[in-house]
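Working notes, structure below.
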Number of protein chains: 2
Amino acid sequence: MKPKTKRGQNRREKILRAAEKVFGTMGFADASITDITREADTAQGTLYIYFKGKEQIFSELVEEMGHHTREVIAQAISKSTSRLDAEKQGLRAFLHFVRERPELYTIVEEARFVDPVAYKSYFENFAKAYQTGLEAAQLAGEIRDSDNEVRAWALMGIAKALGEKYAVMDPSKDMDHIADVAFDLIENGLRR
Amino acid sequence: MKPKTKRGQNRREKILRAAEKVFGTMGFADASITDITREADTAQGTLYIYFKGKEQIFSELVEEMGHHTREVIAQAISKSTSRLDAEKQGLRAFLHFVRERPELYTIVEEARFVDPVAYKSYFENFAKAYQTGLEAAQLAGEIRDSDNEVRAWALMGIAKALGEKYAVMDPSKDMDHIADVAFDLIENGLRR
DNA sequence: TCAAAACATGAATGACGATTCATGTTTAGC
DNA sequence: GCTAAACATGAATCGTCATTCATGTTTTGA
């Protein structure tokens, strides 16, 4: 499963990157093992040296997305002074990351149907972290009192939808602008 | 394709309802024609009298969801006095509808991968309508000036995420409460 | 009442593609 | 430089359905 030589590590990584591209652009069902191995310049059988099957590669990519997202957001937040500012920096970093790796993001969304368990835990973990942050901000008096679980899911929903629209569907607009508009809504709401 | 007798109409409808249930619970890939026809107490071949194939049934369900959602929201909004109130009533009605037909909602989400064209037009239409409403509210001075396209996608994202979480994943909480919390966030933002 | 149209059946067909495996090649470490 | 382990190959296998179709049954309308 895990490679023991440098050569093996390279090959495994090459297959993962090919799978990211192929799954992300054609979707899980339409992507064949042949597509992935062709993209990786590899024989079909080689894939089964490093992975149990089609689904396992996919799941591994979902996990990868989880790690990277956590890293990216943690990094972005670390410089923040207030909780609300952390919110803003986290959103901005997330959107930039998704625009850089739209395939990986699409894979996470498809996980809802291909690997529902991974999908659920992915988002429930994020929601919990989000909620904890909101709770702290609430205790610190930065934000108004409300149901922070519902708020956490709502805020995640904003990030998901904007990522889907402005990183995957229509990646032409400036991401900082998107983040600014969204954060203004999050901070101040709609009301004049 | 379209039935010409009452008997045919009943059969077609029965198959559609079976497909809604089967696609919604097992997902498109795992759902077999046999599963659907078994659920509908029908022979496999009968399905092909009324539908071109597996994908076409699916697409028809996506369209159905579009019609119903539009109806439900239009109905809910019709009683509203202000644009912001329309926002609230629309959100509430949407969440109730999704809790009543979670399978239909899951199907729309899976359409992103099964029928991307239908999916894209579904959400772009909603976004446009949403944006138009926001534009009017802005002109009426009810809400602050900002980029209403981005806002529209953000607000749709809230509705999608809350529907997914509180209608599909965890349907135990009171939907009016969910809608109230979300609308408070939309109206006033987080800031104290 | 009866013929034609509409509807219904479900076993057989056929395509597709994930996975396996018998056979080679390369690398690590002594 | 040798050999065992690790890695690589790709054609053949095998299971899984979606779809078809030859054969019945029911409904319609005159």
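Values below: every heavy atom of this structure, side chains too, minus hydrogens, waters and symmetry copies.
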What parts of residues 51-62 of chain B reach DNA chain C, counting only heavy atoms under 4.0 Å away?
none
Result for side chain to side chain contact (heavy atoms under 4.5 Å, CB included) between B:Met65 and one of B:Val62, B:Leu61, B:Thr69 points to B:Thr69
Under 3.5 Å donor-acceptor pairs involving side-chain atoms of residues 104-120 of chain A, not counting sequence neighbours:
residue: A:Tyr105; atom: OH; partner: A:Lys160; partner atom: O; Å: 3.0
residue: A:Thr106; atom: OG1; partner: A:Pro102; partner atom: O; Å: 3.0
residue: A:Glu110; atom: OE1; partner: A:Phe28; partner atom: N; Å: 3.1
residue: A:Glu110; atom: OE2; partner: A:Phe28; partner atom: N; Å: 3.2
residue: A:Arg112; atom: NH1; partner: B:Glu164; partner atom: OE1; Å: 3.3
residue: A:Asp115; atom: OD1; partner: A:Ala118; partner atom: N; Å: 3.3
residue: A:Asp115; atom: OD2; partner: A:Ser59; partner atom: OG; Å: 2.6
residue: A:Tyr119; atom: OH; partner: A:Lys160; partner atom: NZ; Å: 2.9
residue: A:Tyr119; atom: OH; partner: B:Glu164; partner atom: OE1; Å: 3.4
residue: A:Tyr119; atom: OH; partner: B:Glu164; partner atom: OE2; Å: 2.5

Can you tell me how far P of D:dC7 sits from CG of A:Leu47, to the nearest Å?
14 Å
Side chain A:Glu142, main chain A:Leu84, donor-acceptor under 3.5 Å:
yes
In whole angstrom, give the distance that lies between atom NZ of A:Lys2 and atom C1' of D:dA6.
17 Å
ring-ring contact (aromatic ring centres under 6.0 Å, His included) with B:Tyr50: which residues, sequence neighbours excluded?
none
Taking the ring of A:Phe126 and the ring of A:Tyr130, is the distance between their centroids below 6.0 Å?
no
Side chain to side chain, A:Glu124 and B:Lys165, heavy atoms closer than 4.5 Å
yes
Would you kindly give the CG-to-C1' distance between A:Asn10 and D:dA8, to the nearest whole Å?
14 Å
Tell me, which pairs form a ring-ring contact (aromatic ring centres under 6.0 Å, His included) where one or both residues lie in residues 171-192 of chain A, sequence neighbours left out?
none
Please say whether more than 12 non-hydrogen atoms of neighbouring residues, nucleotides or ligands are located less than 6.0 Å from NZ in B:Lys14.
yes
Counting only heavy atoms not in B:Lys173, do more than 12 fall under 6.0 Å of its NZ?
yes
For DNA chain C, which residues in residues 12-38 of chain A have a heavy atom at a distance below 4.0 Å?
A:Ala31, A:Ser32, A:Ile33
Whole angstrom is fine here: how far is it from CD in A:Gln9 over to P in C:dT27?
14 Å
Looking at B:Asn148 and B:Gln138, what are the two nearest heavy atoms and their distance?
ND2-OE1, 2.8 Å
Check whether any side-chain nitrogen or oxygen of A:Arg11 sits under 4.0 Å from OP1 or OP2 of D:dC7, and answer yes or no.
no
What are the atom names and distances for every N/O pair under 3.5 Å that joins the protein to nucleotides 28-30 of chain C?
none

Considering just the side-chain nitrogens and oxygens of B:Tyr48, establish if one lies under 4.0 Å of OP1 or OP2 belonging to D:dT20.
no
Would you kindly give the CD-to-C1' distance between B:Gln44 and D:dC21, to the nearest whole Å?
13 Å
Atom pair distance, as rounded to whole Å: CD1 in B:Ile49 and C1' in D:dG24:
12 Å
Do A:Lys52 and A:Glu60 touch side chain to side chain, with heavy atoms closer than 4.5 Å?
no
At under 4.0 Å, does any side-chain N or O of A:Tyr50 touch on OP1 or OP2 of D:dA8?
yes
Can you identify which nucleotide, out of C:dC7, D:dT20, D:dA8, has its nearest atom closest to the A:Thr46 side chain?
D:dA8
